[in-house]
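Take this structure, written in structure tokens, and hold onto it; I'll ask about it next.
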Amino acid sequence: MKPADLKEQFAFLERIRDTVNAVTATVIQLRNVRSQLEDRVRPLAADAPARTQARTLAERLSTLEDSLYQVRLQADED
């Protein structure tokens, strides 16, 4: 391989790494937000409008997470 080819391959792999890191950070942030939301909704009355809105938001966050990360994927070791 030519040095230019290796340089191009390295740059490509760096972009992949950066993208994976960004997606991972986003998934972690989504999970944190959803957890905080659940903590704050728990003390609300079951019929509170805020609880319904929070549940809708939590579902949207879950949908977004599903689109970024295969949440149901299990490794053989699991």
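Along the sequence shown, the residues carry numbers beginning at 1.
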> Distance from S35 atom OG to L30 atom CG, nearest 0.5 Å?
Replying inline: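 Atom-to-atom, S35:OG and L30:CG are 12.5 Å apart.
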>> Testing the basics here: between V23 and L68, what is the closest heavy-atom pair and its distance to 0.1 Å?
In response: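 Closest approach of V23 to L68: CG1-O, 3.7 Å.
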>> Which Ile, Leu, Val, Met, Phe, Trp or Tyr residues join M1 in one cluster when any pair of side-chain heavy atoms under 4.5 Å counts as a link?
In response: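 Members besides M1, by chain and number: L6.
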Please set out all donor-acceptor pairs under 3.5 angstrom arising from side-chain atoms of residues 37-59, sequence neighbours excluded.
unit_1	atom_1	unit_2	atom_2	d
D39	OD1	R42	NH1	3.2
R40	NH1	Q36	O	3.3
R51	NH1	L44	O	2.7
T56	OG1	T52	O	3.0

> What pairs meet the salt bridge (charged side-chain N to carboxylate O under 4.0 Å, His left out) rule with one or both residues in residues 4-26, with sequence neighbours excluded?
Replying inline: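 Sorted result for residues 4-26: empty, none.
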> Should side-chain heavy atoms under 4.5 Å link Ile, Leu, Val, Met, Phe, Trp and Tyr, which residues sit in the same cluster as I16?
Replying inline: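 Besides I16, the cluster holds F12, L13, V20.
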> Quick check: does any side chain N or O of T26 sit under 3.5 Å from a backbone N or O of A22, one acting as donor and the other as acceptor?
Replying inline: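 Checking the backbone N and O of A22 against the side chain of T26, a donor-acceptor pair under 3.5 Å is found.
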